[in-house]
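To start, the structure itself, in structure tokens.
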Amino acid sequence: MIRELDKTEFYKCEKLMNDGGHLEVEAVIEGNNPGRIFVDHIDAPKTGLIWLGNHDGFFFIGDEENEIFNNQINDFIDEVVSPEAKKMRLKNFIAIGNHSMWDKTIERIFDHRPMQKTNQNVYKLKSHYKDNNEPSIKRDYNVLKINKELFENKNESIDNIGFLHSKISEFWSYSDNFFQMGIGYCIVYQNKIVSICFTGFAAENVRGIDIETIEEHEGNKLGQKAAHCVVKDCVSKGMTPYWDCEEANKPSNKIAENIGLESYLTYHVYIFPID
């Protein structure tokens with residue numbers, strides 16, 4: 001029977017992590033980022049499923065040949081996960097294996113579902129940061145570091161501060177956790193945040209990068225500028241930047257390469273609708 005672990009028991013899954021795997025898995029197990037973990041055995045788990053706290057995916061960890069877990073997972077998704085996911089207005093189940101051997105298992109156990117398969121690329125800074133590629137931006141744009149003063153916005157200098165609050169809360173249970181472990185920069189135009197780049201996930205000395213630019217301000221290299229600021233800050237603090245993006249997202253891949261990040265991992269993502 002698949003059961004949910006209490007957060008105080010997440011440490012039991014440390015041995016199930018793939019050392020060359022995903023930052024998100026380690027971040028949740030370490031307790032840095034929110035998430036839920038479901039396992040085959042409470043006391044001695046061999047296989048598990050991590051539901052990311054930002055609801056952006058389900059990671060399968062541990063033994064991919066655990067038939068007890070594999071035989072129960074479809075009913076568990078339909079009876080436990082789907083009702084909760086629907087309340088959160090999630091439309092799809094996004095399945096990811098923490099190591100490549102999970103791919104065949106995922107394809108087999110979910111072969112009766114209308115599943116799509118996409119590719120993701122992960123980049124890391126392995127050598128030197130390319131500061132000579134940092135772009136210039138128009139004078140109307142101002143780069144600001146995301147700190148508590150900016151976040152609290154007591155002087156009401158930012159008109160759309162809710163944009164920043166929603167992005168941070170998407171990944172962090174408390175803003176203080178972000179300020180303890182994260183790094184972030186935003187670009188402001190006429191008192192509005194129009195581009196943001198910040199730490200989404202954190203584990204040990206690795207910092208995952210999330211980035212978003214408001215559509216009407218795209219094409220002005222704002223994402224590149226903010227990303228350079230974050231990577232420079234990471235490097236100065238001895239942290240390793242980690243960039244995860246869809247293979248089909250050419251602009252995002254290009255930004256990663258422009259900064260000097262190098263290919264670290266390519267993996268498959270499986271998506272099927274939540275009934």
Side-chain angles (χ1 to χ4, degrees), residues 2-7 9-74 76-77 80-81 85 90 92-111 113 115-124 171 199-210 240-247 263-272:
I2 298 175
R3 303 271 299 278
E4 182 170 5
L5 283 178
D6 185 82
K7 287 182 171 59
E9 301 175 303
F10 282 7
Y11 70 91
K12 295 177 182 178
C13 291
E14 290 177 356
K15 62 184 180 183
L16 306 184
M17 289 191 298
N18 173 23
D19 290 339
H22 306 80
L23 170 64
E24 296 92 333
V25 168
E26 188 174 353
V28 172
I29 291 176
E30 285 186 5
N32 298 333
N33 291 93
R36 300 170 67 183
I37 303 180
F38 307 92
V39 295
D40 62 320
H41 195 286
I42 290 290
D43 296 322
K46 293 182 179 179
T47 307
L49 177 69
I50 296 178
W51 188 355
L52 297 184
N54 66 345
H55 312 308
D56 200 26
F58 295 80
F59 280 88
F60 288 82
I61 60 174
D63 181 9
E64 79 285 357
E65 296 182 348
N66 183 345
E67 287 306 313
I68 295 176
F69 179 91
N70 293 342
N71 289 337
Q72 295 177 1
I73 190 63
N74 272 293
F76 182 78
I77 290 172
V80 178
V81 174
L90 299 183
N92 296 309
F93 186 94
I94 303 172
I96 305 163
N98 190 219
H99 54 73
S100 60
M101 290 181 289
W102 267 107
D103 291 348
K104 287 185 178 180
T105 299
I106 290 172
E107 291 174 10
R108 176 174 59 83
I109 61 180
F110 298 133
D111 65 348
R113 299 180 185 266
M115 192 159 55
Q116 293 181 322
K117 180 179 177 181
T118 63
N119 297 324
Q120 291 280 129
N121 294 330
V122 176
Y123 298 86
K124 266 186 172 183
F171 294 86
T199 300
F201 290 92
E204 296 185 346
N205 72 324
V206 181
R207 297 294 181 269
I209 297 173
D210 188 77
T240 301
Y242 178 106
W243 187 288
D244 189 330
C245 60
E246 189 175 355
E247 186 177 80
S263 178
Y264 167 71
L265 172 69
T266 298
Y267 65 96
H268 300 304
V269 174
Y270 299 89
I271 305 170
F272 56 81

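Not counting sequence neighbours, F10 has no partner by the ring pair (Phe, Tyr, Trp, His ring centres under 6.0 Å) test.
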Apply the test side-chain contact (heavy atoms from CB on, under 4.5 Å) to residues Y264 and Y242: give CA-CA distance (whole Å), side-chain angles for both, the deciding distance (0.1 Å), then the verdict.
-> CA-CA 9 Å; Y264 167 71; Y242 178 106; 4.1 Å; yes

Should Y270 and F110 be marked as a ring pair (Phe, Tyr, Trp, His ring centres under 6.0 Å) after you check the CA-CA gap, both sets of side-chain angles, and the distance that decides it?
-> CA-CA 9 Å; Y270 299 89; F110 298 133; 8.7 Å; no

Could you go step by step and tell me if H22 and F201 meet the ring pair (Phe, Tyr, Trp, His ring centres under 6.0 Å) rule?
-> CA-CA 10 Å; H22 306 80; F201 290 92; over 10 Å; no

So K124 and V206, side-chain contact (heavy atoms from CB on, under 4.5 Å) or not? Walk me through it.
-> CA-CA 9 Å; K124 266 186 172 183; V206 181; 4.3 Å; yes

Apply the test side-chain contact (heavy atoms from CB on, under 4.5 Å) to residues E246 and V269: give CA-CA distance (whole Å), side-chain angles for both, the deciding distance (0.1 Å), then the verdict.
-> CA-CA 9 Å; E246 189 175 355; V269 174; over 6 Å; no

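Put simply, NZ on K117 and CG on D103 are 6.0 Å apart, with the number rounded to the nearest 0.5 Å. Taken to the nearest 0.5 Å, the CZ atom of R3 stands 9.0 Å off from the CG atom of D43. Here the CD1 atom belonging to I96 is positioned 8.5 Å from the CD1 atom belonging to I106, to the nearest 0.5 angstrom. Rounding to the nearest 0.5 Å gives a distance of 7.0 Å between CZ of F76 and CG of L49. Note that the CD1 atom of I50 and the CD1 atom of I61 stand 4.0 Å from one another [nearest 0.5 Å]. For the atom pair T105 OG1 and I73 CD1, the distance stands at 12.0 Å (nearest 0.5 Å).
For M115 against E107, the heavy-atom pair with the smallest separation is CE-CA, 4.0 Å. Summarising the geometry of A95 relative to F60, their closest heavy-atom pair is CB-CE1, 3.8 Å, with the distance given to 0.1 Å. Shown here for P241 and I209, the closest heavy-atom pair between the two residues is CB-CD1, 3.9 Å. In plain terms, the two heavy atoms of V39 and C13 that are nearest each other are CG1-SG, 3.9 Å. Of all non-hydrogen atoms in N98 and L16, the two that sit nearest each other are OD1-O, 4.2 Å. Listed here is the closest heavy atom pair of R207 and L23: C-CD2, 4.1 Å.
In the displayed structure, Q116 atom CD is contacted under 6.0 Å by at most 12 heavy atoms of other residues, nucleotides or ligands. Within 6.0 Å of CD1 in I42 there are more than 12 heavy atoms belonging to other residues, nucleotides or ligands.
Proximity of a side-chain donor or acceptor of H41 to a complementary backbone N or O of A44 within less than 3.5 Å is detected. Of the possible donor and acceptor atoms, none in the side chain of K46 sits under 3.5 Å from a partner among the backbone N and O of G62. Without hydrogens or angle criteria, N92 side chain to I271 main chain gives no donor-acceptor distance under 3.5 Å. Side-chain N or O atoms of N33 include none that pairs as donor or acceptor with a backbone N or O of A27 at under 3.5 Å.
Using cut-offs of 30° and 60° for the angle between ring planes, the W102 and F69 rings count as perpendicular.
Counting only residues at least two apart or in different chains, salt bridge (Lys or Arg N to Asp or Glu O under 4.0 Å) contacts with residues 52-67 comprise E67-R108.
For the pair N119 and H268, the minimum side-chain heavy-atom distance is below 4.5 Å.
Donor-acceptor pairing under 3.5 Å is recorded for the side chains of D244 and Q120.
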